[in-house]
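As structure tokens, the structure follows; a few thoughts come after it.
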Amino acid sequence: MPTFPERVFSGVQPTGSLHLGNYLGAIKRFVALQETHDCIYCVVDLHAITVQQSPVELRSNIREVTAAFIAAGIDPKKHIVFNQSQVAEHAELAWVFNCVARMGWLNRMTQFKDKAGKNSENVSVGLFAYPTLMAADILVYRATHVPVGEDQKQHLELSRDVAQKFNNDFAESIASNGFGEAFFPLPEPLIQGPATRVMSLRDGSKKMSKSDVSDYSRLNLSDDRDAIAQKIRKAKTDPEPLPSEVAGLAGRLEADNLVGIFAALTGESRADVLKRFGGQNFSAFKSALADAAVAGLEPVGSEMKRLLADPGHLEAVLNDGADRARVLAAKTMGSVKDILGFVR
Ligand code: TYM
């Protein structure tokens, strides 16, 4: 496999209130990667419509994710921030990938099974093909690194399989068009840190999610100081004091989750946190956790509010990002057409 220039791509769906899981598992890490990589961060509105959306809410959610990116510290001038539907090549390459990916691969996707549930005959074709659009998002920029939370791991594996199969199926044409041994890199998932899977505050066996009916299950980026403190006070725990070592968290889902959240917010390891709080009961720990959560989230939330007051500015950021993304995407798509044998 040849080496490709390193480039980071990731996306967030504009489908509802952004929460601590999105922030710690993804957005906070997007910010850090700006120091070392060229980054492209996308508001994936085409993915959002795989389930029905209200147009009014969708527009407002696209602005909200854009505001969250910028408020968290993503620099849209040095890097690229845009919304997916403005760069038509995502959908175009996704079609090509629908013809590369196999039914069997998509049939194995656990997220589709979870989302479709017993209703699989009645969900959209788009929901089934969701992962090939994800592969197109990444590969239309020939991106090499993809920061995501744990729940996206299987989708990333599928992106690698699609890239690999395209490279194999068209190996001769790739070489004869001057691209050497492989056209697409095999994108690497970056699933790192203490908060790759933030769990519900009400149930340590369930992922923190936008779609949970209980708002007490998650900390939203838009929550104010009082809401954050109250949700942490009410978070489920067990009756034992905190252990002094990480091994002692085994089987204690809620304790493990809260310690992981604390570690991710303060930039420590779980072991460091337990050195400090081991042997103490949850009330002391929860009050320190509430302080850390307020310190971590409130500045982002209030900056988001400020940015959301000027939708014109946010739209200008997206338009500028889309103009720059389109240039890169069009180049890849042109090459893909040559490799496939399309006339252009
Ligand atoms: P989405 O919008 O569901 O979530 C955005 C990011 O947040 C992460 N995440 C979490 N991390 C830790 N704990 C949690 N409880 C938690 N919940 C969500 C997700 O892993 C994700 O990184 N399919 C993607 C969006 C997408 C994408 C892409 C990502 C579309 N195209 C290309 C990477 C590359 C999604 O639905 O993310």
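Just follow the structure's listing: the first ligand is 1, and inside any ligand the first atom is 1.
Considering only non-hydrogen atoms, atom 18 (C) of ligand 1 lies nearest to N22 out of L18, N22, D212. Taking each of P189, A135, G149, C42 in turn, the one with a heavy atom nearest to atom 22 (O) of ligand 1 proves to be G149. Nearest to atom 20 (O) of ligand 1 by heavy atom, out of D151, V148, I261, is D151.
The protein atom (non-hydrogen) at minimum distance from atom 34 (C) of ligand 1 is V146 CG1, 3.6 Å. For atom 25 (C) of ligand 1, the closest non-hydrogen atom of the protein is G11 O, 3.5 Å. From the protein, the heavy atom lying nearest to atom 28 (C) of ligand 1 is M134 CG, 3.3 Å. Closest protein heavy atom to atom 17 (N) of ligand 1: H19 CE1, 3.6 Å. Distance from atom 23 (N) of ligand 1 to its nearest protein heavy atom, with residue and atom name: Y130 OH, 2.7 Å. If you check which protein heavy atom lies closest to atom 6 (C) of ligand 1, you get A26 CB, 3.6 Å. Of the protein's non-hydrogen atoms, the one nearest atom 32 (C) of ligand 1 is F9 CE2, 3.6 Å. Regarding atom 13 (N) of ligand 1, its nearest protein heavy-atom neighbour is V198 N, 2.8 Å.
At most 12 heavy atoms of other shown residues, nucleotides or ligands fall within 6.0 angstrom of atom CZ in R225.
Close contacts between ligand 1 and K210 involve ligand atoms 2 (O) [criterion: under 4.0 Å to a heavy atom]. Atoms of ligand 1 found under 4.0 Å from any heavy atom of K207, numbered from 1 in the order shown, are 15 (N). Within ligand 1, the atoms closer than 4.0 Å to a non-hydrogen atom of R197 are 12 (C), 13 (N), numbered from 1 in the order shown. The atoms of ligand 1 that sit less than 4.0 Å from any heavy atom of T196 are 11 (N), 12 (C), 13 (N). Of all the atoms in ligand 1, the ones that sit under 4.0 Å from a non-hydrogen atom of G25 are 11 (N), 12 (C).
For the side-chain hydrogen bond (donor to acceptor under 3.5 Å, both in side chains) criterion with K165, the lone passing option out of D169, N168, D161 is D169. When each of F170, F179, F97 is paired with F184, the ring-ring contact (aromatic ring centres under 6.0 Å, His included) condition holds for F97 and for no other.
No part of S209 comes within 4.0 Å of ligand 1, judged by heavy-atom distances. The proximity of Q13 to ligand 1, defined as any non-hydrogen pair under 4.0 Å, involves the side chain as well as the backbone.
Checked by atom type and distance alone, the side chain of D291 never pairs as donor or acceptor with a backbone atom of A288 at under 3.5 Å. Checking side-chain atoms of K286 against main-chain N and O of R233 turns up a donor-acceptor pair under 3.5 Å.
With a 6.0 Å cutoff to the six-membered ring centre and a 45° limit on the axis angle, R7 does not count as a cation-pi contact of Y141. Both the sub-6.0 Å distance and the 45° axial angle are satisfied by K234 relative to the ring of Y216.
Backbone and side-chain nitrogen or oxygen atoms of Q152 are examined, and one is located within less than 3.5 angstrom of a nitrogen or oxygen of ligand 1.
Aromatic pair F262/F285: centroids less than 6.0 angstrom apart.
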